[in-house]
Amino acid sequence: MPSLIAEANRINDFVVKFANVNGTGSASANSLIMKAIFRMGVPVTGKNYFPSNIQGLPTWYEIRVTREGYAARASHVDIMVAMNAETYAKDIRELRSGGYLIYDSTWPRSALLQRGDITVIAVPLAKLVNENFDGVRNRILLKNIAYAGVLAALLDVDLTVISALLSESYGKKPKLLDSNTRALRLGYDYVKENLTSPLPLRVEHMEKTRGHIMIDGNTAAGLGCVYAGATVGAWYPITPSTSLMDAFKGFCERYRVDAETGERNFAVLQAEDELAAVGMVLGASWNGARAFTPTSGPGISLMNEFIGLGYYAEVPCVIFDVQRVGPSTGMPTRTQQGDILICAYASHGDTRHVLLFPANPEECFYMAVQAFDLAERLQTPVFVLSDLDIGMNDWMCPDLKWDDAYQPDRGKVLSKQEIDGLEKFYRYLDRDDDAIPYRTLPGTSAKGAYFTRGSGHNQYGGYTEDSAEYQVVLDRLKRKFTTATKYVPKPVLIGKGNNSVGIVSIGSCDGAIREALDVLMLQKIEVDYLRIKAFPFNTDVEAFLKSHATIFVVEQNRDAQLKALLTLETAVEKSKLFSILSYSGLPISAHPIVDEIRAKLAEAPRLTAVPR
Amino acid sequence: MPSLIAEANRINDFVVKFANVNGTGSASANSLIMKAIFRMGVPVTGKNYFPSNIQGLPTWYEIRVTREGYAARASHVDIMVAMNAETYAKDIRELRSGGYLIYDSTWPRSALLQRGDITVIAVPLAKLVNENFDGVRNRILLKNIAYAGVLAALLDVDLTVISALLSESYGKKPKLLDSNTRALRLGYDYVKENLTSPLPLRVEHMEKTRGHIMIDGNTAAGLGCVYAGATVGAWYPITPSTSLMDAFKGFCERYRVDAETGERNFAVLQAEDELAAVGMVLGASWNGARAFTPTSGPGISLMNEFIGLGYYAEVPCVIFDVQRVGPSTGMPTRTQQGDILICAYASHGDTRHVLLFPANPEECFYMAVQAFDLAERLQTPVFVLSDLDIGMNDWMCPDLKWDDAYQPDRGKVLSKQEIDGLEKFYRYLDRDDDAIPYRTLPGTSAKGAYFTRGSGHNQYGGYTEDSAEYQVVLDRLKRKFTTATKYVPKPVLIGKGNNSVGIVSIGSCDGAIREALDVLMLQKIEVDYLRIKAFPFNTDVEAFLKSHATIFVVEQNRDAQLKALLTLETAVEKSKLFSILSYSGLPISAHPIVDEIRAKLAEAPRLTAVPR
Amino acid sequence: MSYINKPKVAHPSLPTNSLGLTRRQYEGSMSTLCAGCGHDSVTAAMVEACWGLSMQPEQLVKLSGIGCSSKTTAYFVSGSHGFNSVHGRMPSIASGANAANRSLTYVGISGDGDSLSIGMGQLVHVIRRNVNMLYLIENNGVYGLTKGQFSASADIGTKAKRGETNSSPPIDPVLLALTLGATFVARSFSGDKAQLVPLIQAGMRHNGFALIDVLSPCVTFNDHEGSTKSYGFTREHYHPAVEADFVPRAQEIAVDYPAGEAIPVSLHDGSRVILRKLDPLYDPTDRGAAYNYIENKLKQNEYVTGLIHIDEADNTEFHTLNRTAAMPLNSIPFERLSPGSVALDKLMARYR
Amino acid sequence: MSYINKPKVAHPSLPTNSLGLTRRQYEGSMSTLCAGCGHDSVTAAMVEACWGLSMQPEQLVKLSGIGCSSKTTAYFVSGSHGFNSVHGRMPSIASGANAANRSLTYVGISGDGDSLSIGMGQLVHVIRRNVNMLYLIENNGVYGLTKGQFSASADIGTKAKRGETNSSPPIDPVLLALTLGATFVARSFSGDKAQLVPLIQAGMRHNGFALIDVLSPCVTFNDHEGSTKSYGFTREHYHPAVEADFVPRAQEIAVDYPAGEAIPVSLHDGSRVILRKLDPLYDPTDRGAAYNYIENKLKQNEYVTGLIHIDEADNTEFHTLNRTAAMPLNSIPFERLSPGSVALDKLMARYR
Ligand SMILES: Cc1ncc(C[n+]2csc(CCOP(=O)(O)OP(=O)(O)O)c2C)c(N)n1
Ligand SMILES: Cc1ncc(C[n+]2csc(CCOP(=O)(O)OP(=O)(O)O)c2C)c(N)n1
Ligand code: SF4
Ligand code: SF4
Ligand SMILES: [Mg+2]
Ligand SMILES: [Mg+2]
């Protein structure tokens, strides 16, 4: 976005949006184009805007070709591939002035003629496909590949790269390979024969994707759980978290099944609901397995009672909340960061929970591992707050790496020998002065047996209704949260750190903010940016808040939930914090951030960004 | 508490505590004494500290005789009636220096002799009772009445008043009346014949309870629901909220059953769990009945998903949360104010809920009515945050009054005629610019029919996944919360309002704070006190926070949840707020408040309380 | 999803019911389900049934949870209020709504995921509570809306589209309802409208809780070879045992059935159900016998359909038990609900 | 509640089991239930059963929800881990715990409120999932801990202590479990320890989900005239149909039963259950027949007790279905769980 919107000749920097009907198989055509560009060494992002429906409703896919490697949604469309009659009008409106509209000219579309400031590219796709292929379903699918061919020609996408991709997909099904290749050529050749190509907006080989992959956050998180050594996954299906468990299962089938015996070193429990799913995780974790559950907002609401039990009885528990638009059922296929407060303070009574905020799929992988380490070290529920944008969209990330020296931090679990060495085992005693007690696992030793309960208990593990005994445990739990600040990942600072104006944010806002920083820089506005990776906030967060006079808190919800958490859980003065909010359900983009910061700084000159 | 602790001759100002075993029927003896004192015109409070158990564990009852009419728990014991061998040692320790211990001297208790600074009063209760009555169970019950007789003599309680109470209780059962009267006399006469009586701590007739009653908050709230015209109650049993529904049911049996037909103008649904209970309330309210559910912490956690639906689909809903000690199962028979945050922000996504904070049973009655008015006016869930102390203990309150001119505020419900007069009915349109839309009831008119959903919807009531349409509704919901500030009850100010130091609190802290104010006044420390009655906070709250330099926020939880809500939802600077917290599970008392305020003011002289 | 409204202009020649309404006037929003989804056939049956009953649109209340199936309520009778609640919790909404106004007709539409997994507790208890409503499960053996996971009604050995085999035993809502003492239990097939429509009508008129388990194939995720909930498999294995004709109150029974073959059952409101046993061994009025019959057939992979069990005599409907006033609770004048100041003053004596 | 610990000094003359442990060593904390509560008899039976099985204390895991009944787990075998979870959700804790370590013995203790109301969904699904555990319901027809409200197992017409009459039909956990295909279903009475102990032992050794519904009177809230769950009523109306003797693996069967009268059933671990039919008409191995028998007796107000149904052959226990490794999942070395860097590097190719 930085500077180029008005530029005519935009190599490797433009946005193509595909408007389609869901359930018609357009996904493979869209990702074919995206992957081809990626393999040409050009950074891309793909954002999928799909309905909460299985078949027949409008769906969009947006490919951003971004030589700068920006990860955020762009807020304009350069090329619209308008394949859905129902949304034609809306889709055309969305196109920027000077943009290109590609449509299926098999049927005349008079409405198309209404904008003079765009270039309309007509391709008789249905006609071409129907003349060359049989079968209703087949024709629908191949029409998508045909428009991929059209785009390939218009954007100058390397045909050999596309062919390679097709071969990889259909290599074992020669008939399909043949029809797909032919369909692709239909579109490609039509353009080459009938239209001027390539467009000024086009792709050129680069070298910027080497050592990178295209992956979605749920896949990465599922893989992270496998690498972390999780053996029990429990869940109840819910968009947009379902694919996390699908991924875990898939990787386990691959890596965790004994080739000879067929024995599985994992168990996936499809629970009857989310209450049961988190109960299973608590049961399994209590019993010494690494266990987790992926869910989304409604699931978190249902898990509240059990989360309180996990907090108070100090049972490890890893919960992935792939956030979607709330409240209530909300918009299940749109993204938001609306569960921050409910996760931080889930359940009745005095509770407080550890949160991790991955910013992209890469971090989903690493933070999945960290989540288990933290949950076991701290003996408490840990939430990984991803969202639909991270979880279900394809992001360009550096290759995932694994350090074979990694050993899981199982926390303070006593072995049989250790128990035998004790005079007596007391479950909730603060022996090490770090507010973390020791635990034992069932099956280890009768001497280490204790009784786990969510009702009042004293530090020895006994039942109590005594005020003082109750408070000893509750006070230690509060101190444990302080201990947690030492274990959670530190924030990431971008910028010199010595500006008076700062941005604080979390998770999937990262791409948009980094892009916004570039734009602001071009406008000579320099600000520091701190991306928080975890709650509780550690000293680095406090220091940043303290050292900046004006702080913009960027987040994707209506009620400024991150700002609320900062206000409550740090020493920051409220008057320093300004919210920049996005809660449309679409991933946040850089534009509004830039605009709001500029507006705010202009309105209050004292806020002007200067190095301290 | 103000001044008299050291005073020897304490008329109408002392604390008697009864230590017993639960399930032995001591409650009636304890309340006999309490009621008799009340009828003598002397203010009393009764606090019951009972275990989460049915029979056999220690239980205590504390009667505070308080000529000043203080409502809070005292933090000392003047007279201990030690009837439980298991807790003798602990009970004796609790007695203040100079206090009196009454015990059953049928069996020798050498441990009793260990304190020289108390007066031990030995009465061979079991012996007396066993000599005079038969039957194991009978003897256990009558022993309790016998110690009531002992106390009557020692404290100079009017025997005619006690006799009247017994007649009212057992009037229809002459045998029981006779045995109870005899048991009472056994104790009474033993004291008169063998001991010096009355004690310096004793009761004298006053005139301070006229126009007052002794009632618990759950009874008052249940009665309030009847008067509010609630017709559907749904619940799942949970301590300490169960007696609220018992009361509602009882009053309905009395006032709502047609004498001729036996037809009932109400329905009570014992749900299968709390998720179902709140679902029933939503269903009934949606369908035009006034409906409510009483619950406690774990129930609130389970209701989270449905509460979000109520918020987003704008369905009225009244929830009584009679708070108990959390987290998790916690201490079910102890009191706390630990559900403030979860109720204010219940459910995933951006949500925010209306809360009412009754301070005593009287307010439980009136606020029950207000809750229905607010829920229907605002079309949203409304929480009444009571607690175990208010809900289950007997408080002295002014007589409850009813204004027959009251008409329920059913809010914006369109009649058939009104619907017919519309061109088209749109459910979520802000026609009046107050952010409250109109609703219609099933059965009224096909033209007014609409589809209620917790998924994305536009202001017309249609399904949507469109960002702008979604935001129109979400933004209006936020504005609706501003509208709410105009409808919720205003805070109560005690004090001139012009001091620099203020106290802010809610609910059952009230008694302790009022008492603390008196003590502070004696020490020449004058502070203002604002008792907040509702969230959202209205302008009076803002003004108080603004005009006071130092503000103590008094509440009964570990994490300063009210302070958090004030910090987030008002303009107050954080640095002005100081927490005074009590989370032992026992009702807060005045002492610690006084001590903490004095300590704080001493430590920071700039905070010294001066009139502005 | 209901943002596309169909035009409702009635064609003058379309047949009308006793209210003068055409079938078109019982339609709802345009369906957004997959083309061919079984659930849309249920929608069509609902339209037909309501039209046939001359249902006053505003007298109907439509309730549902979350799922493709739960969207059905948006697709019929747009003149009645609908409540698309949360996943698995429609029964509590229905119980509360029904408590508030006993005079309306309540139809709940759910899915096998919505009812048998997350909603199991509420389903069991709404049956036990005997709330006067029709509860229809659109049973397809999968979670359609979340893309094809097995539901709790999936049979052992059935294959998912992606190849997995289900290994947990199925929960059969019909056996469950019989065990729990439901007084109206039926099963049907979305592909058999002739059977389904009178069952819906009878269920709506039954004075108590009526369950209809409708096998309703998911064409997108569960209509392949190897599935036991596909159209093909269902059509082959469904076994109509009792046909039911619904005869509205006003109507005379035209045909005389030979004795023994037809059992007329009178419903609460004067309408009747005429049962014709297709299998002479079958007795729909004997709950235990019905249970055995169904279970044995299930073992042979046969889904028994029809009005499996009906008991009009055992009247334990919620309001009857509660002795609720005849006037809907939501309409009782406030004066009759609030005891007033005099009563309160008097009551105070109890607390002194 | 378990803060009062009983002294565990073993008297030298007390009989010991094969581990050399006395019965005292299988006790737990002092009970805090009401004197005479049926649940305490279950505690005693659990102690006896575990002692008799020579159960290694740490190999046992005790799970429960919330209620008087759920406190039971604190009162036996203090040498084993206990988990007193939240109300109605013990089955999910049990499922997770069992998934993590298949080698331990799991006993869940619940109440009728805990299992049949708030816990209904989880109960149904833990049965369906066939988790290898003993699930014992201490059934008293009321919510004891919250002071005597009717539970979902209360019979129609039964009277509460305060006089109210229950009007909703009861849910019978035995019929429910049979309908859901449970492979071990028993009923007993807390007052009949001789019957209960071998049932517990067999249930603990059964390779799959075993349900025992124990009628366990609440002396405080439900033991009065007019209650159908009182000691008196239960004693009169309980109807032992199949006696079960449990024979541990090592032990030879001493007595020869006349053919036809006794049915030996071999359990997974080599131990055996010898069933003796007290009613010759009864066949505990036929699920359908068992269902009918129970149901008919229930109609006559008779609670059939004993090992109502057992099916050792139908082995669909959770881990078998899942094909879980024999080594407990919580003990598999990390090296075998984490695929390592080489595999990851290779995997990356898929995402380019
Ligand atoms: C609390 C909660 N968990 C999960 C979901 C996701 N979800 C939506 S529909 C559905 C299953 C629907 O299955 P079924 O009821 O059988 O309906 P079908 O789509 O098959 O008709 C699930 C799991 C949700 N909406 N809410
Ligand atoms: C979520 C929740 N709701 C309600 C309660 C209150 N509660 C505790 S025990 C209980 C019922 C227990 O009944 P049952 O399981 O039959 O046990 P019993 O006491 O009769 O043995 C209830 C309602 C709770 N602890 N948690
Ligand atoms: S996914 Fe299945 S159930 Fe859902 S609409 Fe499509 S066919 Fe119907
Ligand atoms: S209340 Fe009933 S169930 Fe609870 S301990 Fe007492 S007798 Fe047992
Ligand atoms: Mg389904
Ligand atoms: Mg019970």
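Letters A, B, ... are given to chains in the order of the sequence lines, protein chains preceding strands, and every chain is numbered from 1.
For D/Leu329, the parts sitting under 4.5 Å from any heavy atom of chain A are the backbone and the side chain alike. Looking at D/Thr73, both its backbone and its side chain come within 4.5 Å of chain A, counting heavy atoms on both sides. Only the side chain of D/Phe334 comes within less than 4.5 Å of a heavy atom in chain A; its backbone stays farther off. Of the atoms belonging to A/Val268, it is backbone heavy atoms, and not side-chain ones, that fall under 4.5 Å from chain D. For chain D, no part of A/Ala291 is nearby; none of its heavy atoms comes within less than 4.5 Å. For A/Arg254, the part sitting under 4.5 Å from any heavy atom of chain D is the side chain, from C-beta outward, and nothing else. In this structure, the portion of D/Asp345 lying under 4.5 Å from any heavy atom of chain A is its side chain and not its backbone. The part of D/Ser80 that comes within reach of chain A is its backbone (N, CA, C, O), which places non-hydrogen atoms under 4.5 angstrom from that chain. Contacts between A/Phe425 and chain D at a heavy-atom distance below 4.5 Å are absent for every atom of the residue. For chain A, the nearby part of D/Leu104 is the side chain; its heavy atoms alone come within less than 4.5 Å. Contact of D/Arg129 with chain A is made through the side chain alone, with heavy-atom distances under 4.5 Å. In this structure, the portion of A/Phe38 lying under 4.5 Å from any heavy atom of chain D is its side chain and not its backbone. Heavy atoms of A/Ala313 lying under 4.5 Å from chain D are absent altogether. Looking at D/Ala94, there are no atoms closer than 4.5 Å to chain A (heavy atoms on both sides), in backbone or side chain. Neither the backbone nor the side chain of A/Ala234 has a heavy atom closer than 4.5 Å to any heavy atom of chain D. Proximity to chain D (any heavy atom under 4.5 Å) is restricted, for A/Leu309, to the side chain, taken from C-beta onward. In this structure, chain D has no heavy atom under 4.5 Å from any part of A/His457. Neither the backbone nor the side chain of D/Ala349 comes within less than 4.5 Å of any heavy atom of chain A.
Under the 3.5 Å distance criterion, with hydrogens and angles disregarded, no donor-acceptor pair is assigned to the side chains of D/Tyr143 and D/Asp114. For the residue pair A/Thr351 and A/Tyr312, no side-chain donor N or O sits within less than 3.5 Å of a side-chain acceptor on the partner. Side-chain contact annotation: A/Asp466 with A/Thr464, donor-acceptor N/O pair under 3.5 Å absent. No hydrogens or angles considered: nothing links the side chains of A/Asp399 and A/His212 as a donor-acceptor pair under 3.5 Å.
The most heavy-atom pairs under 4.5 Å with chain A, out of D/Val124, D/Ile332, D/Asn101, come from D/Ile332. With respect to chain A, the highest number of heavy-atom pairs below 4.5 Å among D/Pro57, D/Ala99, D/Ala100 belongs to D/Ala100. Counting heavy-atom pairs closer than 4.5 Å to chain D, the top-ranked of the candidates A/Asp403, A/Leu282, A/Val226, A/Leu223 is A/Val226. When the candidates D/Ser95, D/Ser331, D/Ser103, D/Gly340 are compared by the number of heavy-atom contacts under 4.5 Å with chain A, D/Gly340 comes out ahead. In terms of heavy-atom pairs under 4.5 Å with chain D, the best-connected choice from A/Thr444, A/Val232, A/Asp404 is A/Asp404. Considering only heavy-atom pairs separated by less than 4.5 Å from chain A, the leading option among D/Gln122, D/His87, D/Gln59 is D/Gln122. Top candidate by heavy-atom pairs under 4.5 Å with chain A, chosen from D/Ser64, D/Pro91, D/Ser92, is D/Ser92. Looking only at heavy-atom pairs under 4.5 Å with chain D, the residue among A/Phe266, A/Tyr450, A/Phe251, A/Trp286 that has the most is A/Trp286. Chain D forms the most heavy-atom pairs under 4.5 Å with one residue out of A/Ala449, A/Gly308, A/Ala271, A/Cys397, and that residue is A/Ala449. Per-residue counts of heavy-atom pairs under 4.5 Å with chain A were compared for D/Ile66, D/Leu347, D/Val77; the largest is that of D/Leu347.
Comment: A/Arg39 engages A/Glu168 in a salt bridge, judged by a side-chain N to carboxylate O separation of less than 4.0 angstrom.
By the 6.0 Å contact criterion, NZ on A/Lys447 is enclosed, its count of non-hydrogen atoms from other residues, nucleotides or ligands being greater than 12.
Between A/Tyr227 and A/Phe365 the shortest side-chain heavy-atom distance falls below 4.5 Å.
Residue A/Thr293 forms a side chain to side chain contact (heavy atoms under 4.5 Å, CB included) with just one option from A/Val281, A/Leu269, A/Val318, and that option is A/Val281.
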Next item on the list: Test A/Tyr255 against A/Glu253 for side chain to side chain donor-acceptor pair (under 3.5 Å), laying out the working first.
Entry: CA-CA 6 Å; A/Tyr255 296 118; A/Glu253 302 281 2; over 6 Å; no
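Between D/Met90 and D/Ile109, the shortest heavy-atom contact is CE-N, 3.6 Å.
Ring geometry, A/Trp402 versus A/Tyr406: the interplanar angle exceeds 60°, so the pair is classed perpendicular (tilted spans 30 to 60°). Taking the six-membered ring where tryptophan is involved, the planes of D/Phe209 and D/Tyr135 are tilted, since the angle between them lies from 30° to 60°.
Once rounded to the nearest 0.5 Å, the distance linking CZ of D/Arg350 with CD1 of A/Ile213 reads 11.0 Å. Taking CD of D/Gln56 as the reference point, atom CG of D/Leu21 lies at 7.5 Å (rounded to 0.5 Å). To the nearest 0.5 Å, atom CE of residue D/Met133 and atom CG of residue D/Leu211 are 10.0 Å apart.
The main-chain N or O of A/Ala289 is never found under 3.5 Å from a side-chain atom of D/Asn330 such that the two would form a donor-acceptor pair.
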